[in-house]
Student: 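Encoded as structure tokens, here's the structure I'll be asking about.
A, B, ... follow the sequence lines: proteins, then strands. Residue 1 opens every chain. As a basis for the values below, the full set of heavy atoms in this structure was taken, side chains included, without hydrogen atoms, waters or symmetry mates.
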There are 2 protein chains.
Amino acid sequence: MDEVFRAIADPTRRAVLDELVDRDGQSLFEICTRLTMKHGISSSRQAISQHLDVLEAAGLVVTRRDGRFKFHYFNGAPLAAIAQRWLQAKGNNS
Amino acid sequence: MDEVFRAIADPTRRAVLDELVDRDGQSLFEICTRLTMKHGISSSRQAISQHLDVLEAAGLVVTRRDGRFKFHYFNGAPLAAIAQRWLQAKGNNS
DNA sequence: TTGACAGGCAAGCGTCAGCTTGCGTATCAT
DNA sequence: ATGATACGCAAGCTGACGCTTGCCTGTCAA
């Protein structure tokens, strides 16, 4: 759970999650391309790869290998309990 | 919004939020005392003060001065939109 | 088989976050 | 007034993070 908070702390990793939500099952190069196009992020391939490792370690991204390609899938399950941690006990804060 | 993610990335700041949810309106020394007691965190007063500054800059903590004391109040409003960013509608990026 | 493609591993570097330390300021009790 | 209390400000240090660089492995097409 600690890794989830650290994973979403980085704006580049949040953009990766945005991209996977918009189009699930992308490969590393696809993510790199679309990050530069749509989000204006000009990081190297290795940088994005390391970000994906962090996201995968946090359980926010699940991967599947197929030949040379490694497809990345979004998993929002760890995010469900984040906001609920402080918002559930005290009722609904607007 | 970027500061909110960074604020909750630190485990000590998350413990501060837990403490304020459990008992709202504490002063700095109260927070320091209860952090060491209940959460086993042995940070100095200045360290906690700097954490509170980060939380206040993120809008997660609202303060009120009364004489020598500065009372800290929890505000969960910025947290509401965090998990919803990836779990709800697609295309709502900030 | 050869070369291009997709991705991984590991060392090194610059920067920033978190913490400490020391001193300063404002408020309150005695 | 004087000391104690509650907190703020700012410089310095250290470790971690994000990124680059270089080289390597594995896969597929021609």
Student: Would you say C:dT20 has OP1 or OP2 under 4.0 Å from some side-chain N or O of B:S44?
Tutor: yes
Student: Among C:dG7, D:dC28, D:dC7, find the nucleotide with the atom closest to the side chain of A:L28.
Tutor: C:dG7
Student: Give the residues of residues 48-62 of chain A touching DNA chain C, defined as any heavy atom closer than 4.0 Å, sorted by residue number.
Tutor: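 Residues of residues 48-62 of chain A that come under 4.0 Å of DNA chain C are, in numerical order, A:S49, A:Q50.
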Student: Indicate yes or no: at least one non-hydrogen side-chain atom of B:I82 is less than 4.5 angstrom from one of A:L79.
Tutor: no
Student: Given atom CZ of A:R14 and atom P of D:dC17, what is their separation to the nearest angstrom?
Tutor: 16 Å
Student: Just N and O in the side chain of B:R45: are any of them under 4.0 Å from OP1 or OP2 of C:dG22?
Tutor: no
Student: Closest to the B:F69 side chain: C:dG7, D:dC9, D:dA6?
Tutor: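 Closest of the options to the side chain of B:F69: D:dA6.
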Student: Toward the 5' end of DNA chain D, which comes first, B:Q46 or A:A47, by nearest nucleotide?
Tutor: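 Closest to the 5' end, via its nearest nucleotide, is B:Q46.
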Student: Considering only Ile, Leu, Val, Met, Phe, Trp and Tyr, and joining two whenever side-chain heavy atoms are under 4.5 Å apart, list the other residues clustered with B:Y73.
Tutor: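 Listed partners: B:F69, B:F71.
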Student: Can you tell which of C:dG7, C:dA17, D:dG18 lies closest to the side chain of B:R6?
Tutor: C:dA17
Student: Side-chain contact, heavy-atom cut-off 4.5 Å: A:L28 with A:S49?
Tutor: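 In short, these two side chains touch, coming nearer than 4.5 Å.
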Student: On the nucleotide C:dA6, are OP1 or OP2 found under 4.0 Å from the side-chain N or O atoms that A:R65 carries?
Tutor: no
Student: Rounded to whole Å, how long is the line connecting atom CG of B:D66 with atom C1' of C:dA26?
Tutor: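 About 14 Å, once rounded to whole Å.
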Student: What's the closest nucleotide to the side chain of B:R68 if the choices are D:dT5, C:dA4, C:dG7?
Tutor: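 Selected nucleotide: D:dT5.
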Student: For B:D10 and D:dC17, what is the distance between atoms CG and P respectively, to the nearest whole Å?
Tutor: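 Atom-to-atom, B:D10 to D:dC17, this comes out as 12 Å.
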Student: Could you tell me whether a side-chain N or O of A:R14 sits under 3.5 Å from a main-chain N or O of A:A9, the two making a donor and an acceptor?
Tutor: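 Yes; at least one donor-acceptor contact below 3.5 Å.
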Student: When the distance from CD of A:E30 to P of C:dA6 is rounded to whole Å, what number comes out?
Tutor: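 Going from A:E30 (CD) to C:dA6 (P), I get 10 Å.
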Student: Taking only N and O in the side chain of A:K70, is any of them less than 4.0 Å away from OP1 or OP2 of D:dG26?
Tutor: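 For D:dG26, neither OP1 nor OP2 has a side-chain N or O of A:K70 closer than 4.0 Å.
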Student: Rounding to an integer number of Å, can you tell me how far B:I41 CD1 sits from C:dC19 C1'?
Tutor: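 Distance, rounded to whole Å: 14 Å.
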Student: Within the 4.5 Å heavy-atom criterion, are B:L60 and B:V54 side-chain neighbours or not?
Tutor: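 With C-beta onward as the side chain, the pair stays apart.
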Student: Taking atom P of D:dA6 as reference, at what distance in whole Å does atom CZ of B:R64 sit?
Tutor: 16 Å
Student: Do the side chains of B:L87 and B:I8 join up, straight or via other hydrophobic residues, at under 4.5 Å, putting them in one cluster?
Tutor: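 Both belong to a single hydrophobic cluster.
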Student: Between A:Q26 (CD) and C:dG7 (C1'), how many Å, whole number?
Tutor: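 It works out to 16 Å between those atoms.
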Student: B:R13 has an atom CZ; how far is it from atom P of C:dC19, in whole Å?
Tutor: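 The answer, rounded to whole Å, is 8 Å.
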Student: Any salt bridge between B:D22 and B:R34, counting N to O under 4.0 Å?
Tutor: yes
